[in-house]
Amino acid sequence: MTTTTEAPAEQQGRMSHRQILEALSGMLLAMFVAFLSSTVVSNALPTIITDLRGSQSQYTWVVTATLLASTASTPIWGKLADLFSKKLLIQLSIVVFIVGSMLAGLSESVGTLIGWRVLQGLGLGGLQALVQIAMAAMISPRERGRYSGLLGAVMAVATVGGPLLGGLLVDTSWLGWRWCFYVGVPFAVVALVLLQRTLNLPVTKRRVRIDYLGATLLAAGVSGLLIWVTLAGNQFAWASVETALFLTGSVLAIVAFGVVEVRAAEPIVPLRLFRDRTTTLAILASVAIGVAMFGSTVFLGQYLQISRGYSPTAAGLLTIPMVGGLLVSSTVSGILITRTGRWKRFLVAGSVLVVAGFGLLATIDHETDMVLLGVFLFVLGVGIGMTMQNLVLAVQNTVAAADLGAASSAVAFFRSLGGTIGVSVLGAVLSSRVGTLIAAGLPPEPAAAGTGSGSVGLADLADAPAPIQELIRVSYGDATGRIFLVSAVIAVVAVAAILLIREVALRTESGEERLRRESRPALADDDAVGTAR
């Protein structure tokens, strides 16, 4: 009788529906915390920036700082997931997120807030990458659709509940906006407890080599480019010595990163991933979707509150059509993908709807009918729901099991990278357009004084005379449509990339099952060598 050291069934991906749901409970709650923190803060930002006397540029940086940190750290978390315990890493990312949130709530200036938002972003990057990776390890691509629908539902609930909760906190005098950062902490603590009790995945036991140099060069190159995109045209001219320094340093860091990754034993981002057509095209589509989605929707709360005059609570309610569309489409498409095994049709339809949704939103101004706006947001939500999770699924279905962590985090990384670029670039577009419209509406002398400012509007909104306040509100409303127009054009790139992806039938093995099967030939070769000796 042969004895085996095979792991228990629950650790091999052969889990019952109930066991999978139990294992997912802590991870989904962790994702809920991450999404809740983003949506709570984004809807409260107009109040926060006005209260702290911040500028439009600082408004953008409060969002960009978190995206920048999560973007730079995502591939590192993903690579660590291929080397260490996924459970421990998820718990560590939650702790980092909790600490960042508590410190952000204590901020007394916009600069301090931005700094602690960076720490939040490090934890957020881990949560975004690691939950997808753990799901891939437990569940086969064919079955993952039904559970990805749960992830979409969590996103929807957090996206609806976040703005509503944030609005209530801001509008409640004895609480205030600081509780927007504190409110996610209890959920995060519960997520830690659930993860400890329910998530049981095999721990990788092998000698590891962490590519510290590659991680440093990647973070430096990406951060340099994103900081340049954010500051150029505001703090210094696009054509300037500062631009040359930022670009030169960032490009050199990225080139050096490529050289290091080719030679590294355990590269942070294995360049072999880009030899696969599906992975490369999915990453390209993720960048475009990230630019369009993050870069435009982050300013939706600003439009509803600054231009249309709604309270934070009401602004949250007005985003329900988009979230409803996302919830329905992600859930239904996930179920249909599991039943049929076909996924490309949903990606194509979703990306087309994203372009259509942004195209419709490009027509809004300060007088747009709110029912019509709701219809436009619903179309956009349906498109996003069919696109985001299924791009990750397409990549996870294609790459080798040993690269699941790196590949999943690569998609999340480039989507976040696109989002960070989108927030920076579209924030600059909005600021410039608002400044132009305000200058056009002011008497000649004030206009001449204000045309060069990238912070026109928010910094002086609370103290400005009533006519100037009205001009600022109208300018923000009329300028927002341009952001959505740029987003629609960028989203066309996602449609083109998705059309070129070749559909591959979904696998029926979990990531852990595939990893054992794919490692057997190597073990057999080692045994053969030992026998020959």
For residues Val382 and Leu326, determine if any side-chain heavy atom of one lies less than 4.5 Å from a side-chain heavy atom of the other. no
Of all heavy-atom pairs between Gly359 and Ala488, which one has the smallest distance, and what is that distance? N-CB, 3.8 Å
Could you please spell out the steps behind the side chain to side chain contact (heavy atoms under 4.5 Å, CB included) verdict for Leu353 and Met386? CA-CA 9 Å; Leu353 286 174; Met386 283 195 287; 3.6 Å; yes
Note: Leu281 and Ala497 closest approach over all heavy atoms is O-CB, 3.6 Å
Using modelled atom types only, decide if a donor and an acceptor are shared between the side chain of Ser250 and the backbone of Leu247 within a distance under 3.5 Å. no
Is there a donor-acceptor pair under 3.5 Å between the side chain of Lys344 and the backbone N or O of Leu499? yes
Give a yes or no on whether the backbone of Val62 and the side-chain of Arg117 come within a donor-acceptor separation of less than 3.5 Å. yes
Give, for atom CD of Glu503 and atom OG1 of Thr278, the distance between the pair rounded to the nearest 0.5 Å. 10.0 Å
Do the non-hydrogen side-chain atoms of Trp343 and Ile337 ever get within less than 4.5 Å of each other? yes
Between atom CZ of Arg277 and atom CZ of Arg502, what is the distance when rounded to the nearest 0.5 Å? 5.5 Å
To the nearest 0.5 angstrom, please state how far the CG atom of Leu361 sits from the OG atom of Ser487. 9.0 Å
Heavy-atom closest pair (Val96 atom, Gly123 atom, distance to 0.1 Å) is CG1-N, 3.7 Å
Have a look at Phe484 and tell me which of Val489, Leu426, Leu360, Ile364 forms a side-chain contact (heavy atoms from CB on, under 4.5 Å) with it. Ile364
CG (Leu327) and CD1 (Ile320) are apart, to the nearest 0.5 Å, by 11.5 Å
I need the minimum non-hydrogen distance between Gly224 and Phe246, along with the two atoms involved. O-CD2, 3.6 Å
Thr363 vs Thr368, test: side chain to side chain contact (heavy atoms under 4.5 Å, CB included). Steps then yes/no. CA-CA 8 Å; Thr363 64; Thr368 300; over 6 Å; no
Side chain proximity check, Leu300 to Thr319, heavy atoms < 4.5 angstrom: yes
Taken to the nearest 0.5 Å, the spacing of Thr340 OG1 from Arg345 CZ works out to 5.5 Å
Polar contact flag, side-chain donor to acceptor under 3.5 angstrom, Trp228-Thr243: yes
Distance-only polar pair, side chains of Gln120 and Thr66, donor-acceptor under 3.5 Å: no
With side chains defined as the heavy atoms from C-beta onward, is the minimum distance between Thr387 and Val354 less than 4.5 Å? yes
Quick one: are Val355 and Val495 in side-chain contact, heavy atoms under 4.5 Å? yes
Do Tyr303 and Leu373 have side chains that get closer than 4.5 Å, going by heavy atoms? yes
What's the spacing between Gln91 CD and Ile94 CD1 if we round to 0.5 Å? 7.0 Å
Return yes when atom CZ of Phe376 has more than 12 non-hydrogen atoms of other residues, nucleotides or ligands closer than 6.0 Å, and no otherwise. yes
Closest heavy-atom pair, Val434 versus Ala479, reported as atoms and distance to 0.1 Å, is CG2-CB, 3.7 Å
When every non-hydrogen atom of Ile490 is compared with those of Ala288, the smallest separation belongs to O-CB, 3.6 Å
Indicate yes or no: at least one non-hydrogen side-chain atom of Leu195 is less than 4.5 angstrom from one of Met27. yes
N/O donor-acceptor pair under 3.5 Å between Trp77 side chain and Leu122 backbone: yes
Could you check whether any side-chain N or O of Thr331 sits under 3.5 Å from a backbone N or O of Val328, counting only pairs where one atom can act as donor and the other as acceptor? no
